[in-house]
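Worksheet: the structure to be examined is printed underneath.
Note that these values count all heavy atoms, side chains included, but never hydrogens, waters or copies made by symmetry.
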Amino acid sequence: MIRTAAIAILVWSMSPLYAWADASSSSPLVPASLWWAWNFDPLILLNLSLLGAGYLLGIKRLWRKTGSHTIVSRGQATAYLSSLGILFFALLSPLHALSEELASAHMVQHMLLMVVAAPLFVLGSPGTVLIWGFEKNWRPAVANWRRWVDVELLQRPLVAWVIYAAALWLWHLPAAYQAALVDPLVHDAQHLSFFAAACLFWRVTLNPSARHHLHPLTAVGFLFTTSLHAMLLGVFMALSPAVWYEIYAARTQMWGLTPHEDQQLAGLIMWMPACLIYPAAAAASLGRWLSRLAASSTNNNCQRTQASR
């Protein structure tokens with residue numbers, strides 16, 4: 001099952017993501033009021049709270065049942081809860097309000113969803129843990145639902161790679177990007193597709209329990225090619241002589257930027273810090289694999305030494 005994508009959809013499944021907050025805010029955002037521009041959408045808070053409480057309950061029951069942290073470690077639990085914190089910051093903090101005013105802030109929000117929150121979410125093995133958050137008599141039904149949404153095609157690495165690339169590029173086309181800023185429902189779809197596509201992508205890269213989990217050497221190429229096309233999009237945005245998103249033209253001056261400078265900054269954010277995550281993940285995956293090989297080789301040598309005595 002595509003556990004992470006299915007669980008990710010629950011974050012936004014109950015309502016429009018933050019249309020309530022957008023509709024309730026009638027006054028324009030100014031720098032002096034930025035830190036008061038929190039988006040306390042009760043349905044986002046509810047979904048994040050349910051995902052957090054369900055995970056904590058599930059991990060407690062799982063650890064009590066197994067008597068150890070071998071199935072899901074403390075580090076994985078910390079990663080998952082950190083991902084919820086990142087989602088809270090990206091969707092509910094003043095960053096969300098600022099993303100309506102600046103393309104650069106919107107890019108930070110997108111990158112938090114795709115290259116920070118999503119991999120942390122996947123590392124937490126939510127599909128394994130959250131089912132334990134249900135009462136015992138509910139778990140078979142949940143397991144059946146999980147099998148029902150198991151789409152084999154979407155778990156294939158190449159398909160996940162293409163979906164991730166398509167979400168990144170298509171939503172940054174001017175028409176789609178500006179439509180998201182005008183219509184809250186389109187904005188919801190944009191952020192949901194970013195996060196769901198990223199969960200698919202990072203699942204086959206990072207989650208060893210995934211059906212089509214990549215070998216570390218293959219994952220290096222998988223991540224490297226993604227960093228190249230993401231970097232290319234950032235380069236195009238940063239170096240373009242034209243302003244892509246005219247909708248920001250009347251908004252950036254208040255923040256000390258021209259529309260072109262704001263776009264350049266957005267492109268640089270994707271080009272530099274965001275694209276460093278991919279090679280960093282590749283290096284970490286390769287390092288863990290080499291460490292396991294070294295440990296295995298050492299154990300084999302010790303066993304051969306003992307056998308020869």
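Linking Ile, Leu, Val, Met, Phe, Trp and Tyr residues whenever their side-chain heavy atoms come within less than 4.5 Å leaves M111 and V235 in two separate clusters.
A side-chain donor-acceptor contact under 3.5 Å links Q178 to the backbone of E246. Judged purely by atom type and a 3.5 angstrom limit, Y164 has no side-chain atom pairing as donor or acceptor with the backbone of T226.
At least one side-chain heavy atom of L81 sits less than 4.5 Å from a side-chain heavy atom of L56. The shortest distance between side-chain heavy atoms of W271 and M237 does not fall below 4.5 Å. Two residues are said to be in side-chain contact when any heavy atoms from C-beta on lie closer than 4.5 Å; R251 and L102 fail this criterion. Residues L223 and I277 are not in side-chain contact: their nearest non-hydrogen atoms beyond the backbone lie 4.5 Å or more apart.
The number of heavy-atom neighbours closer than 6.0 Å to CD of E261, taken from other residues, nucleotides and ligands shown, is above 12.
Under the 3.5 Å distance criterion, with hydrogens and angles disregarded, no donor-acceptor pair is assigned to the side chains of W244 and H172.
How far OH of Y248 is from OG of S104: 8.0 Å, rounded to the nearest 0.5 Å.
Here the closest non-hydrogen pair linking V72 and G124 is CG1-O, 4.1 Å.
Aromatic ring centres of H106 and H191: separated by under 6.0 Å.
The aromatic rings of F88 and W38 lie tilted to each other, with the angle between the two planes from 30° to 60°. Relative orientation of the Y80 and F121 rings is tilted, given thresholds of 30° and 60° on the angle between their planes.
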